[in-house]
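A, B, ... follow the sequence lines: proteins, then strands. Residue 1 opens every chain. Quick caveat: nothing in here was measured; it's all calculated off a predicted structure.
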Amino acid sequence: MESVIIVKYDFCRIERKWQERWEKDKTFAAITGDSRPKYYCLVEFPYPSGEGLHVGHPRPYTAMDIIARKRRMEGYNVLFPIGYDAFGLPTENYAINNHMHPRKVTERNIERFTSQLKMLGYSFDWDRCVDTTDPKYYKWTQWIFLQLYKHGLAYKSQMPVNWCTSCKCVLANEEVVNGVCERCGSEVVRREKSQWMLKITEYAQRLIDDLDDVDFIERVKIQQRNWIGRSIGAEVLFSTTAGDNMTVFTTRPDTLFGATYMAMAPEHKLIGKWAPLLENLNEVREYQAAAAKKSDFERTEIQKEKTGVMLKGVSAVNPVTGNEIPIFISDYVLASYGTGAIMSVPGHDSRDWEFAKKFGLPIVEVVAGGDVTKEAYTDFEKGVMVNSGFLNGLPVQEAIPRMIRWLEDKGLGKEQVNYKLRDWVFSRQRYWGEPIPLVFCEKCGWVPLPEDQLPLELPDVDSYEPTDTGESPLSKMSDWVNTTCPACGGPAKRETDTMPQWAGSSWYFLRYMDPHNDDVLVSKEAIDYWERVDWYNGGMEHTTLHLLYSRFWHKFLYDIGVVPTPEPYAKRTSHGMILGEGGDKMSKSRGNVVNPNEIVEEFGADTLRLYIMFIGDFEKAAPWSSTAVKGCKRFLDRVWNLAESPLIGDDYSAANESAIHRAIKKVGEDIESMKFNTAIAALMSLVNHFYDSKPSRGDIKTFLALLSPFAPHIAEELWEIQGFEGMACQQPWPEYDEAKTVEAEKEIAVQVNGKLRSVIVVPVDSEDSAVVAAACADEKIARIMEGKELVKSIVVKNKLVNLIIRPKN
RNA sequence: GCCGGUGUGCUGGAAUCGGUAGACGGGGCGGACUCAAAAUCCGUUGCCAGCAAUGGCGUGUGGGUUCGAGUCCCACCACCGGCACCA
């Protein structure tokens with residue numbers, strides 16, 4: 001073919017031009033109440049950090065922008081909003097270090113983020129932008145908190161909590177990762193503190209059950225289910241020589257005959273009560289003190305040897321054997337799960353086995369199948385009960401319900417479900433968060449602010465510095481703290497802790513539906529129209545944080561009639577991380593962070609969008625490659641070169657028609673399954689095809705429509721140059737004709753005894769016999785078949801023929 | 001330990017149902033254009049043997065099912081993510 005000189009296009013001018021046009025025309029405005037079907041696409045709104053946008057951000061944003069743009073072309077009224085999750089520690093820390101008000105820091109960061117997001121040409125409806133730190137927004141965060149309080153789902157409780165030594169702040173369970181702070185990586189220790197808690201546990205079962213009704217990718221569902229950690233078992237009552245009953249939870253009631261000792265958490269309440277009876281009280285007290293000092297991380301370190309102290313003077317009675325068995329305190333029993341005490345069955349639980357070995361306690365086999373002298377036998381799929389009275393001979397699966405029935409009949413226990421999920425620690429001892437709208441009155445106790453006093457605004461303080469005493473910086477503002485009780489008018493004090501960062505993000509998707517409403521969180525009209533999010537993409541790291549929290553809040557709002565659906569998101573997908581060049585995580589300390597501004601300056605936004613989608617499987621992590629970006633720029637230059645000069649023919653050209661139909665099909669399907677990389681590969685192949693057979697104006701028209709969700713600026717400019725009507729992004733999504741996606745002739749692989757030997761070309765949908773005949777007629781095949789006979793042939797239509805041959809007798 | 005995921009050329013990654021492994025990019029090599037370089041264009045590029053035609057090998061390892069296995073089954077290995085004394 002003739003050699004072509006590629007003219008590089010002026011992306012800088014083109015991108016600015018179309019971004020201004022879209023903004024001026026409000027091209028992407030979502031219209032509440034519009035008669036078109038609605039579609040709500042959501043991305044996780046960013047935390048506007050001081051570092052600005054990072055190349056990780058555009059991956060999910062571009063993906064959902066492609067979906068949103070395709071939906072509009074398909075005729076939907078699309079809501080695709082953006083906002084800022086702006087409360088939080090990094091801003092506050094920056095403010096402290098640089099002596100700036102966090103409000104100012106936030107404003108500056110938001111401004112920077114906004115210009116960066118606009119630079120990438122996303123089709124957000126900017127008029128619906130929200131900011132969680134805006135009092136008009138957090139008024140409603142506080143309002144929801146008050147509803148939770150009024151419905152008994154928020155309570156204050158003195159309890160051991162996770163305390164981050166660096167942030168000087170408590171953390172929720174979900175925020176502690178491998179014993180360190182999820183945010184800063186510092187050590188987390190246990191502290192007794194009085195904290196506001198949200199009863200997410202009350203929703204544990206519904207949070208599991210309703211996963212069946214939503215279209216979330218499987219790994220998200222699995223991770224949430226595991227985190228909630230439901231287990232079914234039984235509560236069993238053990239009498240003790242002290243007169244009190246001890247209640248335990250077990251998932252293996254079938255092994256009750258094998259319970260040879262009891263173990264309770266060092267914090268267990270009965271220990272205090274039994275103190276006068278304990279012969280070794282000092283030893284017990286010492287153990288308790290030592291356990292209290294340890295961090296959760298130290299306590300739960302796996303490899304460490306089990307420790308414990310036997311309570312001398314009190315023992316328990318095994319209700320089925322009648323045997324008196326010793327009671328230990330040990331820190332391998334968690335105070336916060338089940339009843340804080342367990343029955344120990346060394347024969348069939350590896351932890352109990354280890355403990356029993358160390359303390360010389362009896363190990364009784366009650367399920368046959370293993371060798372309990374060597375290790376605990378824990379398989380409950382198979383195994384038959386022995387040494388177990390009325391259970392003898394039963395398989396485990398039958399013994400469990402039998403034992404539960406027995407316990408219920410005797411009033412000694414019942415079936416019980418437990419969850420690993422804990423209530424949500426909701427207070428933070430920091431400044432930059434939503435104030436908790438409650439006051440404490442000596443006479444009335446905790447009193448909620450009347451709703452007409454919301455928002456309770458954050459006061460300005462002299463110092464944002466967190467304190468080691470665990471008091472919020474707000475506590476020093478005595479003018480603000482001292483107030484009057486809304487109930488009795490007497491003196492009262494405000495709560496000085498603030499809400500965690502997860503508060504504002506637990507409901508933000510609702511505010512986008514009606515962002516400027518000062519009377520309600522979201523109007524009935526708006527919520528009835530937009531209903532819920534249709535497709536939400538976000539990071540896996542939020543699966544047991546934001547995603548779980550927001551499902552909980554939404555269920556609560558559903559229960560009180562604010563929203564019409566029990567689930568906030570119909571569909572949830574997740575993207576992989578963008579790694580640095582070498583495959584390491586991108587981080588400032590490694591010095592491998594790629595700034596999107598530099599890429600846009602050098603190659604343009606369309607190239608960045610295309611590359612970030614082409615980089616690899618959307619769901620998997622992918623390393624950045626500075627050389628590979630060029631490939632996408634080259635592609636766009638080739639597109640420009642092909643389409644910026646006049647073309648003729650408004651119909652598809654004969655030479656390209658089939659390729660175009662195939663591309664429409666492939667690109668459309670791949671977008672839906674988020675296989676953006678292969679969708680782009682299909683567009684590249686089509687362009688390669690166009691370089692072989694010159695495209696008509698009609699060919700290019702369809703191509704530009706397909707390209708426009710990925711590279712919207714260049715598509716728009718070429719659309720205009722070609723003189724097509726309207727904007728590319730407002731065209732109907734191209735349709736394909738299945739019949740035209742198939743070629744007239746097919747290459748058929750010819751195998752002999754399963755090995756590829758030749759390739760033949762036959763008309764599409766040829767009869768099997770014709771294919772076999774053509775294969776045998778092939779020169780190479782004929783040579784191989786010489787002296788052999790054909791025993792069998794297998795034909796896969798339009799793909800392959802396999803000839804089974806053997807030597808002639 | 002438990003739960004998920006992944007393993008394919010030099011490299012990022014493709015490959016509905018089991019049906020021509022390596023699409024589409026990057027990089028390399030050779031050539032054209034150029035005083036030269038960049039850019040661009042053309043060709044080539046899984047490995048081994050061979051001048052070639054061609055043959056053999058090849059999707060983490062070892063088995064199996066099948067006319068046919070990257071794909072299914074069994075047993076392993078390595079790496080990544082989540083949970084982690086939850087009774």
Note to self: Between the base of B/rC83 and the side chain of A/Lys420, is there a donor and acceptor pair under 3.5 angstrom?
What the structure shows: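 Between B/rC83 and A/Lys420, which were checked side chain against base, a qualifying N/O pair under 3.5 Å is absent.
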Can you find a side-chain donor-acceptor pair between [X] and [Y] that sits under 3.5 Å?
X        : Y        : answer
A/Thr307 : A/Tyr332 : no
A/Gln205 : A/Arg230 : yes
A/Ser336 : A/Arg422 : yes
A/Glu174 : A/Trp227 : yes
A/Glu44  : A/His542 : yes
A/Lys221 : A/Gln223 : no
A/Tyr611 : A/Asp606 : no
A/Ser231 : A/Tyr337 : yes

Check: Which residue pairs pass the salt bridge (Lys or Arg N to Asp or Glu O under 4.0 Å) test when at least one of the two sits in residues 338-348 of chain A, sequence neighbours left out?
Finding: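 Not a single pair qualifies under salt bridge (Lys or Arg N to Asp or Glu O under 4.0 Å).
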Item checked: Where the chi angle of B/rG9 falls, syn if within 90° of 0 and anti if not ->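 In terms of base orientation relative to the sugar, B/rG9 is syn.
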Notebook entry, point to check: What form does the base of B/rC17 take, syn (within 90° of 0) or anti?
Noted result: syn
Note to self: Both A/Ala335 and A/Lys675 contact RNA chain B. Taking the nearest nucleotide for each, which residue is further toward the 5' end?
What the structure shows: A/Lys675
Item checked: 5'-most by nearest nucleotide on RNA chain B - A/Tyr419 or A/Leu800 -> A/Leu800
What nucleotide among [options] has an atom nearest to a side-chain atom of [X]?
X        : options                : value
A/Trp227 : B/rU20, B/rA84, B/rA87 : B/rA84
A/Ser231 : B/rG12, B/rC83, B/rA87 : B/rA87
A/Ala681 : B/rA87, B/rU20, B/rA23 : B/rA23
A/Asn688 : B/rA21, B/rC24, B/rG26 : B/rC24
A/Lys630 : B/rG19, B/rG27, B/rG26 : B/rG27
A/Phe249 : B/rA23, B/rA87, B/rC83 : B/rA87
A/Asn677 : B/rA87, B/rA14, B/rU40 : B/rA14
A/Met684 : B/rC24, B/rU20, B/rA87 : B/rC24
A/Val796 : B/rA14, B/rU20, B/rG19 : B/rG19
A/Leu756 : B/rA87, B/rG19, B/rU20 : B/rU20

Notebook entry, point to check: Given the rule in the ring pair (Phe, Tyr, Trp, His ring centres under 6.0 Å) test, do A/Phe328 and A/Phe359 qualify, once you have shown the distances and angles that lead to the verdict?
Noted result: CA-CA 10 Å; A/Phe328 285 77; A/Phe359 288 87; 5.3 Å; yes
Rounded to the nearest angstrom, tell me the gap between atom [atom1] in [X] and atom [atom2] in [N].
X        : N      : atom1 : atom2 : value
A/Arg422 : B/rC83 : CZ    : C1'   : 13 Å
A/Glu581 : B/rG27 : CD    : C1'   : 13 Å
A/Tyr9   : B/rU40 : OH    : P     : 14 Å
A/Glu218 : B/rG82 : CD    : P     : 19 Å
A/Asp352 : B/rG1  : CG    : P     : 19 Å
A/Phe690 : B/rC41 : CZ    : C1'   : 20 Å
A/Phe603 : B/rG26 : CZ    : P     : 12 Å
A/Glu354 : B/rA87 : CD    : C1'   : 14 Å

Margin query: So if I define the base as every atom that isn't primed, P, OP1 or OP2, how would nucleotides 46-57 of chain B read as a B/S/- string at a heavy-atom cutoff under 4.0 Å?
Written below: --------SSSS
Note to self: At under 4.0 Å between heavy atoms, how does the protein contact nucleotides 66-77 of chain B? Give one character per nucleotide, 5' to 3', with B, S or -.
What the structure shows: -B----------
When the [atom1] atoms of [N] and [M] are considered, how many whole Å apart are they?
N      : M      : atom1 : answer
B/rU16 : B/rG70 : P     : 13 Å
B/rU54 : B/rG81 : C1'   : 48 Å
B/rG19 : B/rU6  : C1'   : 25 Å
B/rG60 : B/rU8  : C1'   : 10 Å

Item checked: Pair listing, side-chain hydrogen bond (donor to acceptor under 3.5 Å, both in side chains) test, anchored in residues 758-768 of chain A, at least two apart ->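 Found A/Ser758-A/Asp778, A/Asp765-A/Asn798.
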Checklist line | Residues A/Asp670, A/Arg662: salt bridge by 4.0 Å N-O rule | finding: no
Check: With a 4.0 Å cut-off, would you call A/Glu669 and A/Lys675 a salt bridge?
Finding: no
Strictly under 3.5 Å: I want the nitrogen or oxygen pairs between protein and nucleotides 2-5 of chain B, one per line.
{"unit_1": "B/rC3", "atom_1": "O2'", "unit_2": "A/Asn226", "atom_2": "ND2", "d": "3.3"}

Once you apply the 3.5 Å cut-off to both distances, tell me the Watson-Crick or G-U wobble partner of [N], or none.
N      : value
B/rC29 : B/rG43
B/rU54 : B/rA49
B/rG7  : B/rC77

Should we say atom [atom1] of [X] is surrounded by more than 12 heavy atoms from elsewhere, each under 6.0 Å from it?
X        : atom1 : answer
A/Glu541 : CD    : yes
A/Met540 : CE    : yes
A/Lys269 : NZ    : no
A/Lys585 : NZ    : no

Checklist line | Sole candidate of A/Ile404, A/Thr339, A/Val320, A/Val248 that passes side chain to side chain contact (heavy atoms under 4.5 Å, CB included) when paired with A/Val236 | finding: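 Single pass found, and it is A/Val248.
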Using a cut-off of strictly less than 4.0 Å, decide whether [X] has a side-chain nitrogen or oxygen near OP1 or OP2 of [N].
X        : N      : answer
A/Tyr332 : B/rA87 : no
A/Arg638 : B/rC24 : no
A/Lys666 : B/rU16 : no

Check: Looking across every strand, which nucleic acid part, if any, lies under 4.0 Å from A/Val333 by heavy atom: base, sugar-phosphate, or nothing?
Finding: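 Base, at least one base atom sits under 4.0 Å.
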Next item on the list: Assign A/Glu747 to base, sugar-phosphate, or nothing according to its heavy-atom contacts below 4.0 angstrom with the strands shown.
Entry: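 Base: the residue A/Glu747, judged by heavy atoms under 4.0 Å, touches a nucleobase.
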Check: Quick one, which residues of residues 539-548 of chain A touch RNA chain B with a heavy atom under 4.0 Å?
Finding: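 Contacts with RNA chain B under 4.0 Å: none.
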